[in-house]
Amino acid sequence: MFQGAVRTVFPQVFPILIAKRFANGKATCQVGGAAMMVNSDGWFVTAGHILQEIHTLTAETQGERRPDKGRARVTHFLPIFSSTRATLAEGLAQTGSDVGFGRLQNYPPPQGYPRFRSRPIEVGEFLCRIGFPFTKAIETTWTKEGGFVLNNPFPVPGFVNEALVSRFRKLPTGLWMETSSPGLRGQSGGPLIDTAGFVCGIQSNTAHYPLGFEKAGRNQVLNVGRAVHVETVTEFAKLHGIKYLTEEEET
C-alpha cells in the first residue's frame, strides 16, 4: 500500500543523534530522532522538542566551562544529521505545538523535496510513519579533545509502521492528530505520509489513556500516537517564511 510513497519520501528523511557525556563520570548516553528536508535553502522539519534539546545542551556546554563533578550535567553534544557531518545553522521551535524547523549547512541535497498535503485528512484514514528507532545501535566515543566520534558507519536503519487516524484534537497550541498505534523512540520528528506520499503530520510523542480496569494487578492503558497536524506545520512555516511544496506542486 505504501511502497511507492515510502520509496519517494524516505530519501528526504534523515536521523538525528544527540550524544551526551556527564560531568560526574565517563558514562555517555544518546537519544535519537528523525527529521525531513523541506527545501533547497537547507531547512528541515522535525519535532520541536528535539531542537529544544539541542538548544539546551548548547547553552549548558557553552556556559559550563568547569562543571560541578558532583552533579550529572551534560558537557557536550553531537547532533548527527548526515554522513557528511552537516551542522545546524539555526533552529525554530513553536512553544506547545512541538513543531520545529532547522536549517543545515554543509549537507548533501536530497533528490527532490516532500509535498505537504492540502486536502483534509479524515478519521479512519491509513497513514505510514517513518523514523529511526535503532539509533541506540550507533556507538559513540568521547575523545580527549572533548568531542564525540562515531564508531560505526552510516547508513542508520530506518523503520516504517502503520498509523490509523483515530481522532483530531484542537488545542490552543494547534491541531493534533492521534493514531491507533504509538510511534517508537527515534521516530519523533519523522513524517506521517499518505499512500500518495504527501506529508500529513509530524510525529511528536505517545499518549497513554487509562482504560478504567486492571489486569494482573496493573491499570490498563491505551497507547496512541500523537502527531502535529500538517495544518499546524505549514502555518508555522509560513509565519517564518520557510518555503515548502504542496501536493499541487511538482518537486
Side-chain angles (χ1 to χ4, degrees), residues 2 5-21 28-39 42-58 74 76-93 98-114 127-142 147-161 163 182-193 197 199 201-206 225-228 233:
F2 290 98
V6 170
R7 192 181 308 116
T8 299
V9 177
F10 210 103
Q12 299 141 16
V13 184
F14 60 92
I16 293 178
L17 178 70
I18 304 173
K20 308 177 185 180
R21 179 180 184 269
T28 63
C29 69
Q30 56 201 44
V31 293
M36 180 178 60
M37 296 303 302
V38 172
N39 62 40
W43 285 99
F44 65 87
V45 63
T46 185
H49 68 265
I50 292 178
L51 290 180
Q52 289 170 348
E53 173 86 350
I54 294 174
H55 174 74
T56 299
L57 297 185
T58 303
V74 175
H76 203 78
F77 76 97
L78 179 67
I80 301 296
F81 296 100
S82 72
S83 58
T84 58
R85 302 284 184 92
T87 57
L88 179 63
E90 59 182 305
L92 302 168
D98 202 31
V99 59
F101 282 87
R103 186 171 62 84
L104 295 183
Q105 291 179 328
N106 304 320
Y107 73 98
Q111 294 182 349
Y113 294 92
L127 304 179
C128 179
R129 185 187 292 109
I130 301 176
F132 300 90
F134 305 117
T135 50
K136 288 292 184 182
I138 303 174
E139 298 176 357
T140 56
T141 299
W142 178 265
F148 283 98
V149 295
L150 291 175
N151 298 339
N152 47 345
F154 283 78
V156 181
F159 192 83
V160 300
N161 57 357
L184 305 173
R185 287 184 180 273
Q187 288 186 319
S188 294
L192 277 72
I193 60 174
V199 178
I202 298 298
Q203 175 66 22
S204 174
N205 54 52
T206 298
R226 183 177 288 167
V228 185
V233 176

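- Between F14 and F44, the ring center distance clears the sub-6.0 Å criterion.
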(message) Could you walk me through whether V6 and C128 satisfy the side-chain contact (heavy atoms from CB on, under 4.5 Å) test, starting with their C-alpha distance in whole Å, then the side-chain angles of each, then the deciding distance to 0.1 Å, before giving a yes or no?
(response) CA-CA 8 Å; V6 170; C128 179; 4.0 Å; yes
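- At least one donor-acceptor pair under 3.5 Å links the side chain of D98 to the backbone N or O of G48.
- Listed here is the closest heavy atom pair of G183 and T206: O-OG1, 3.6 Å.
- Heavy-atom contacts from other residues, nucleotides or ligands closer than 6.0 Å to CZ of R185 number 12 or fewer.
- Put simply, CD1 on I16 and CZ on F132 are 10.0 Å apart, with the number rounded to the nearest 0.5 Å.
- Looking at M36 and T46, their side chains never come closer than 4.5 Å, going by heavy atoms from C-beta outward.
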(message) Apply side-chain contact (heavy atoms from CB on, under 4.5 Å) to residues V160 and F2 and explain how you reach the verdict.
(response) CA-CA 10 Å; V160 300; F2 290 98; over 6 Å; no
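- Minimum heavy-atom separation, V199 to P114: CG2-CB, 3.9 Å.
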(request) For F159 and L184, run side-chain contact (heavy atoms from CB on, under 4.5 Å): C-alpha distance rounded to whole Å, both residues' side-chain angles, the deciding distance at 0.1 Å, then the answer. (result) CA-CA 9 Å; F159 192 83; L184 305 173; 3.8 Å; yes
(request) Begin with the C-alpha distance, continue with both residues' side-chain angles, and end with the deciding distance and a verdict on side-chain contact (heavy atoms from CB on, under 4.5 Å) for F101 and V233. (result) CA-CA 9 Å; F101 282 87; V233 176; 3.9 Å; yes
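- Not a single donor-acceptor pair under 3.5 Å links the side chain of S188 to the backbone N or O of G33.
- When all heavy atoms of G131 and A34 are compared, the closest pair comes out as CA-CB, 4.1 Å.
- Under a 3.5 Å cut-off, the side chain of E90 and the backbone N or O of L92 do not form any donor-acceptor pair.
- Annotation: the span from N161 atom CG to Q203 atom CD amounts to 8.0 Å, rounded to 0.5 Å.
- Remark: the backbone N or O of M37 is not paired with any side-chain donor or acceptor of Y113 at under 3.5 angstrom.
- A distance of 5.5 Å separates CD in Q187 from CZ in R129, rounded to the nearest 0.5 Å.
- Residue V228 comes nearest to S204 through the heavy atom pair CG2-CB, 4.4 Å, listed as atom of the first residue, atom of the second, then distance.
- The minimum heavy-atom distance between P191 and I202, with the atom names listed, is CA-CD1, 4.1 Å.
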